[in-house]
Amino acid sequence: MALSISAPTSSPFLPAPRQAGRWSSSPSSAKPAVFSLRRPVVAARAAAGNAPSSPAGAVVTELDVVSSFSEIVPDTVVFDDFEKFAPTAATVSSSLLLGIAGLPDTKFKSAIDTALVDGECNTMENPGDRMSCYLTKALGNVGAELAHQVPGRVSTEIDARLAYDTQGIVQRVHELLQIYNEHDIPSERLLFKIPATWQGIEASRLLESEGTQTHLTFVYSFAQAAAAAQAGASVVQIFVGRIRDWAKNHSGDPEIDEALKKGEDAGLALVKKAYVYIHKNGYKTKLMAAAVRNKQDVFSLLGIDYIIAPLKILQSLDESVTDSDEKYGYVQRLTPSLDKMYNFSQEELVKWDQLSLAAAMGPAAEELLASGLEGYANQARRVEELFVKIWPPPNV
């Protein structure tokens, strides 16, 4: 995740205001990453939730307009794009480590090499434990380097293989917090990305009670979103496009079938319902939409806290000059006024626990969650396999 355009002051990605510097890059440093970026606000919002007005003669793009409603986040950014989008926050993951490992020597490559000679990890007799330790150290070291480069928060992905282990997740977050502390990165600069299993949601509850901010991902059902909000998660991420893809090729999921009967897109319907639930009950959770497929998805989500969009969609929005009278009207789709449209059932307002969550998750959420966890776990295993090949690192 990563670009925050016109980020609100309550954004969990941005700490107290401070000067945002640019990160210079060279062609040789290009690699995939996930970053939050800042873009100036165009103008104050117009009345009735429509697009903001702009000064006479000013060039206004669709990206300017939509970013006045929601914080826009690019799915993937490369370092060479920093001249176009000044970074303010970042995410570190196994995927990012794989990209860094294939580059010539950089400060990030050095952060990985330093993890591979860590004394604590080297004393572990079990090879699996040792490689897991190296992975954790590498994530923390690289995340600390990113934190020194960006003014906002660094989000750290928690190993998906711990998805069904509450204490394992909490312990891993504490280990990462210790690494960040050794690099003088305060906890308020950090966010931890946890799979939205029941065990992950429970870990989020425990960590948030300690003051550690969490970001629950792989949310594909209302039950997951509601349980995460009840747990106090700082961010809940719903994958709009993946739910839509499942609905095109499957049937038999009550939640999705209900949306389709109403003529609604199943992914967008879940986002709207979760948004109303969070606002109606006064939860602190911010809602994020991911797996956005096209510009119309962006326009349909205006008003949500965060929208993650592919770079090609952001570029299209940024290249499209517009004004408030054009095409779509840029109406804010998600507002607290939607509360009047929803009467939640007693089952939906229940205090969620493991049994009620399992019963409420339909086949779509079960399949998509399992698939997402498998993909992330495979990335972590690929990193550890790479570490086996390059350990011990040269020139350290």
On the 0 to 90° scale, with breaks at 30° and 60°, tag the Y277-F344 ring pair as parallel, tilted or perpendicular. perpendicular
Measuring from L139:CG to D159:CG, what's the distance to the nearest 0.5 Å? 8.5 Å
Begin from the C-alpha positions of D297 and S300 and carry the test side-chain hydrogen bond (donor to acceptor under 3.5 Å, both in side chains) through to its verdict. CA-CA 5 Å; D297 279 348; S300 298; 5.4 Å; no
Electrostatic pair E258:K262 at N-O distance under 4.0 angstrom: yes
Can you tell whether the side chains of E175 and R172 come within less than 4.0 Å, N to carboxylate O? yes
Taking all non-hydrogen atoms of both residues into account, name the closest pair between P195 and I158 and its distance. CD-O, 4.5 Å
Do K284 and E208 meet the salt-bridge criterion of a basic N to acidic O distance under 4.0 Å? yes
Closest non-hydrogen atom pair, V235 against T285: C-CG2, 4.3 Å
To the nearest 0.5 Å, tell me how far S70 OG sits from L287 CG. 10.0 Å
With the side chain counted from C-beta on, respond yes when F108 and L146 share a heavy-atom pair under 4.5 Å apart, and no when they do not. yes
Any salt bridge between D257 and K261, counting N to O under 4.0 Å? no
Between D118 (side chain only) and T114 (backbone N and O only), is there a donor and an acceptor less than 3.5 Å apart? no
Test your reading of the model: is there a side-chain donor-acceptor pair from T136 to the backbone of S132, 3.5 Å cut-off? yes
S93 versus Y376, side-chain donor and acceptor atoms under 3.5 Å: no
Taking the side chain as every heavy atom from C-beta outward, state whether I194 and I201 have any atom pair closer than 4.5 Å. no
Are D113 and S110 linked by a side-chain donor-acceptor pair shorter than 3.5 Å? no
Would you check if the side chain of S320 reaches a backbone N or O of S316 as a donor-acceptor pair within less than 3.5 Å? yes
With salt bridge (charged side-chain N to carboxylate O under 4.0 Å, His left out) as the criterion, how do E202 and R205 come out once you've worked through the C-alpha distance, each side chain's angles and the decisive distance to 0.1 Å? CA-CA 5 Å; E202 186 68 1; R205 182 185 66 79; 2.5 Å; yes
Would you please say whether a donor-acceptor pair under 3.5 Å links the side chains of H215 and E157? no
Do NZ/NE/NH1/NH2 and the carboxylate oxygens of E71 and K286 come within less than 4.0 Å? no
Establish, from distance only, whether the side-chain atoms of S221 and Q224 form a donor-acceptor pair under 3.5 Å. yes
Pairing of K273 and E255 as salt bridge, 4.0 angstrom limit: no
Examine distances only and state if a side-chain atom of N378 and a backbone atom of E374 form a donor-acceptor pair shorter than 3.5 Å. yes
Would the distance check show the side chain of K272 and the main-chain N or O of L338 forming a donor-acceptor pair, the cut-off being under 3.5 Å? no
Rounded to the nearest 0.5 Å, what separation is found between the NZ atom of K193 and the CD atom of Q213? 15.5 Å
Carefully, step by step, assess I185 and I179 under the rule side-chain contact (heavy atoms from CB on, under 4.5 Å). CA-CA 9 Å; I185 308 299; I179 296 170; over 6 Å; no
Which pair of non-hydrogen atoms, one from D253 and one from A364, has the smallest distance, and what is that distance? OD2-N, 3.0 Å
Is R161 paired with E384 through a side-chain N to carboxylate O contact shorter than 4.0 Å? yes
Is it true that the side chains of N122 and Y134 contain a donor and an acceptor less than 3.5 Å apart? yes
Please name the pair of heavy atoms, one in N141 and one in H183, separated by the smallest distance, quoted to 0.1 Å. OD1-NE2, 3.1 Å
Kindly say whether L334 contributes a backbone atom to a donor-acceptor pair with the side chain of Q332 at under 3.5 angstrom? yes
